[in-house]
Structures are given as C-alpha cells and as structure tokens.
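Worksheet for the structure shown next.
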2 protein chains.
Amino acid sequence: MTLNFWIRNRSVILYGSSLAVLLFLMKWLEWRFIIIDHALELYAGALAIIFTLLGIWLAIKLTRPKTNTIIVEKEVFVKSDEFVLDDKELTRVGLSKRELEVLQLMAQGLSNHQIAEHLFVSLNTIKTHSSKVFEKLEVQRRTQAVDKAKKLCLIP
Amino acid sequence: MTLNFWIRNRSVILYGSSLAVLLFLMKWLEWRFIIIDHALELYAGALAIIFTLLGIWLAIKLTRPKTNTIIVEKEVFVKSDEFVLDDKELTRVGLSKRELEVLQLMAQGLSNHQIAEHLFVSLNTIKTHSSKVFEKLEVQRRTQAVDKAKKLCLIP
DNA sequence: TTTCCGTTCATACTTTAGGGTGATTTTGAT
DNA sequence: ATCAAAATCACCCTAAAGTATGAACGGAAA
C-alpha cells in the first residue's frame, strides 16, 4: 500500500522534495548574495533555468509514452513439411527401425533393388522387410503402405 | 527554407520569446513590488511555477514523437492442407483426364486390376494409361509417379 | 541361460507391374 | 467433315513385387 503509493507518485514526491530543497537554497542564497548588484537578474535566470529543466524532467517522467499498438496481420504459411513422426502410432503398429527405413525409401519411389543397394543388404532382405511392413500396416501393396503410413504420420 | 526553419524550431523560438517576455515582466515587477515585504519569496515561487510549466510544455512539445509504436504481428495461419491442383503443372506434363484419374487411384494404393474394376474398363487399358502416366511424369514405377505427382501438386 | 525379436539371407513360387506394339473407337476442335 | 488426341482393348514378354517357408546370427530381456 505505502510502497505502492511511493512507486506511483515517486516523480511527484521527488519533484516536491527538490522544490523544497531549492527554496531553502534560494533563501540561503538570498541571505548571502542578494546584496550584490544586479544579483536579482542572475538569481531569476538561474531559477528559470533550473525550474525549466525540472519541468522538462518532470514532463518526461510523467508523460508515459503513448503506445500506439499497431496490429499487423502477418500471414504465416504453415509448412506441411514440418513433419513430426507419430511415435504412438509407430509403437502401435510395431514397426522396427529397419522396417521404417525401408518404408521411407519405398515412399520415395525406390524399387526393392534400389533400397537393397541403398542399405547395403540383399534384395531378399528387403523383400522380407517389406512383407513385414505390409503385414504390420495391414496392406497388400507398397503403394497402399505408403498411403497408409502417410496418413498415420509415420513418414512425411 | 525560412518557413521550414520556423516549423522545425517553432518550439524553441517560442520558448525563447516567452523567456524574454517574462524577463521583461520580471523587471517591471521588480520595479513595482520588490519593496513589498517577503515579495522575493512570492516572486521566486511564481517564477518556479511558471518555468516549471514552461519546461513541461517544452518537454511535451519537443518529445512529441515519443509514441512507442508497438507492432504486434498477429499470425494468420493459412491452411495449406487444402489441396489445390496445379493446373499449370498439369498442362505442362500433359496428363489427360483419364490418366489423372488413374494416377489418383494409384496414389490410393489400388492395383491396376482394382483401378480397372473401379473405372469399368479392362486391365490392359489401365496398363496403357499407367504407362502413359509414367512416360509423361518421366518415372518408371507407380510409387515414383505418386511421389512426383504429389510434389507437383497434381494429386493431394 | 534361455527365449524372443530383429536382421539378415536364401529358395521357390505366384502375382502384379511395366514395356512394346498394334489396333479400334470415341471425342473435341478446326 | 476431318484430323488429332484421347480412350479403349489385346497380346506378348520381362521385370519387379509379393508370398511362403526356412534358417542363421546377435542382442536384449526374462
């Protein structure tokens, strides 16, 4: 409460304090140098400068910057290539690491022979893998497998 | 030129003029009421108030373009999953209506036999169509055809 | 240790896909 | 009406894909 009041009116309180201090200073200066010739002009000039600066400072402190909130609608095209593998589906269908690998290459249009070469294994191995993939995905053809795998987010 | 200078430094010039006027006013006031007891304090107080206000006005005028423009980028997500057929690509590769139809069914994992049944034509017809599709898409296998067609936005 | 699973490979066989050629009919545009 | 392209179908052949079965090996879990 008190703290909050301090924070909110800090500038005003500071200004008041400064004013008080300056007035005391003025009084002192008055006693000291008021006798000097043309001291009043100097005194007034100093006063003017000081309080102008004070006013400027106060204004800067008090005038909270107007925040013009401009909402710019930025079109963000959702990239469909931001692929995230569906781990749940993957574990559900029970595809092994190698089988998924074969499936990915399959989706890229590679033949069994090409996949075999790519993975440095024999054609028969790929046939075994692909057969297992078809079993687990419950399909008969590689095109079906690719289609289903894409729908299940197993491949991009 | 001169007008521009006036516009640019209007605030400063106005401040200077006001200061001059006030100093003359002060001088006049000095002659008039300085004799009054405790007039100095009142004079100083008035000065303080006036110049504080002047400072505030000056600050406000000078720091006018202090509007913090907060640009909030509102992201508008554009659906990219709604398929739009790329007509340009379609005409470029020169796929006929029937060929595209076959390609679509191909992408769904149907065998040539199934496609034939689906379109009420013979298996050989589908073979001819698919061969033409492969030719036009410059691929060898149906999986490649599907992959390429998807990349060319010919099928969803 | 045993058992299970993944990975590897092989053989044999069937099915499907794909290439090539040729032909007929339909359709759309000039 | 005519011509080109599209659509239809057939036959033959090869390549690729897919099925079935069996087996060896290694790692991880029971």
Side-chain angles (χ1 to χ4, degrees), chain A residues 85-152 154-155, chain B residues 85-152 154-155:
Chain A
L85 194 140
D86 192 337
D87 285 309
K88 291 174 186 172
E89 279 297 325
L90 187 60
T91 51
R92 196 183 63 81
V93 298
L95 277 184
S96 74
K97 207 193 311 177
R98 204 58 158 172
E99 285 159 1
L100 183 63
E101 223 173 341
V102 171
L103 181 58
Q104 288 168 340
L105 295 172
M106 220 177 246
Q108 291 168 26
L110 274 69
S111 68
N112 285 341
H113 182 68
Q114 286 175 315
I115 296 172
E117 282 188 333
H118 194 277
L119 297 178
F120 303 106
V121 292
S122 81
L123 173 62
N124 288 308
T125 305
I126 300 303
K127 283 191 173 187
T128 308
H129 284 321
S130 56
S131 285
K132 290 221 163 211
V133 169
F134 300 154
E135 258 182 51
K136 291 177 180 178
L137 286 177
E138 298 172 296
V139 295
Q140 284 74 44
R141 274 168 295 286
R142 54 174 50 225
T143 44
Q144 279 185 329
V146 170
D147 189 50
K148 190 158 189 177
K150 289 204 177 197
K151 284 173 180 169
L152 294 178
L154 300 177
I155 49 174
Chain B
L85 193 140
D86 193 337
D87 284 308
K88 291 175 188 173
E89 280 297 325
L90 187 60
T91 52
R92 196 183 64 80
V93 299
L95 278 183
S96 75
K97 209 193 311 177
R98 203 58 158 172
E99 285 160 0
L100 183 63
E101 224 173 341
V102 171
L103 182 57
Q104 287 167 340
L105 295 172
M106 220 177 244
Q108 291 166 28
L110 275 69
S111 68
N112 285 341
H113 182 68
Q114 288 174 313
I115 296 172
E117 283 188 334
H118 194 277
L119 297 178
F120 305 107
V121 292
S122 82
L123 174 61
N124 287 309
T125 305
I126 300 303
K127 282 192 175 187
T128 309
H129 284 321
S130 56
S131 284
K132 289 220 165 214
V133 169
F134 300 155
E135 257 181 51
K136 291 176 180 177
L137 286 177
E138 300 172 292
V139 296
Q140 284 75 44
R141 276 169 294 285
R142 52 177 48 228
T143 43
Q144 278 185 328
V146 170
D147 188 51
K148 190 159 188 177
K150 291 204 176 196
K151 284 174 180 168
L152 294 178
L154 301 177
I155 50 174

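Quick note on labels: first sequence line is chain A, next is B, and so on, each numbered from 1.
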* To do: Please round to 10 degrees the angle between the axis of the first five pairs and the axis of the last five pairs in the helix from C:dT1-D:dA30 to C:dT30-D:dA1.
  => 60°
* Any pair with a residue in residues 124-133 of chain A that passes side-chain hydrogen bond (donor to acceptor under 3.5 Å, both in side chains), sequence neighbours left out, goes on the list, sorted by first then second residue, please. => A:S122-A:T125
* What pairs with B:K88 under salt bridge (charged side-chain N to carboxylate O under 4.0 Å, His left out), at least two apart in sequence or on another chain? -> none
* For A:K136, check salt bridge (charged side-chain N to carboxylate O under 4.0 Å, His left out) against everything at least two apart and list the hits. => A:E99
* **Whole-Å gap separating P (C:dG19) and NZ (B:K132)** => 13 Å
* Between residues 93-103 of chain A and DNA chain D, which residues have a heavy-atom gap below 4.0 Å? -> none
* To do: Under the salt bridge (charged side-chain N to carboxylate O under 4.0 Å, His left out) rule, collect the residues that match up with A:K97, sequence neighbours excluded.
  => none
* Structure fact -> Protein heavy-atom contacts under 4.0 Å, written 5' to 3' over nucleotides 10-30 of chain D as B (base), S (sugar-phosphate only) or - (none), form the string BB-----BBB-----------
* Asked: Looking only at atom types and distance, does a side-chain atom of B:T91 sit under 3.5 Å from a main-chain N or O of B:G94, one as donor and one as acceptor?
  -> no
* Protein-nucleotide distance (B:I126, atom CD1; D:dC9, atom P), rounded to Å -> 8 Å
* A:Q108: partners by side-chain contact (heavy atoms from CB on, under 4.5 Å), with sequence neighbours left out -> A:L105, A:L110
* To do: Would you check if B:K148 and B:K151 make a side-chain contact, meaning some heavy-atom pair closer than 4.5 Å?
  => no
* To do: Go through the structure and list residues passing side-chain hydrogen bond (donor to acceptor under 3.5 Å, both in side chains) with A:E135, not counting sequence neighbours.
  => none
* To do: Could you check how far CG of B:L105 sits from P of C:dA17, rounded to whole Å?
  => 13 Å
* To do: Kindly write out the residues that satisfy side-chain contact (heavy atoms from CB on, under 4.5 Å) with B:A107, not counting sequence neighbours, or none if the list is empty.
  => B:V146, B:I155
* Asked: Who are the salt bridge (charged side-chain N to carboxylate O under 4.0 Å, His left out) partners of A:R98, not counting sequence neighbours?
  -> A:E101
* To do: Round to a whole Å and report the spacing from CD of B:E135 to P of C:dT21.
  => 11 Å
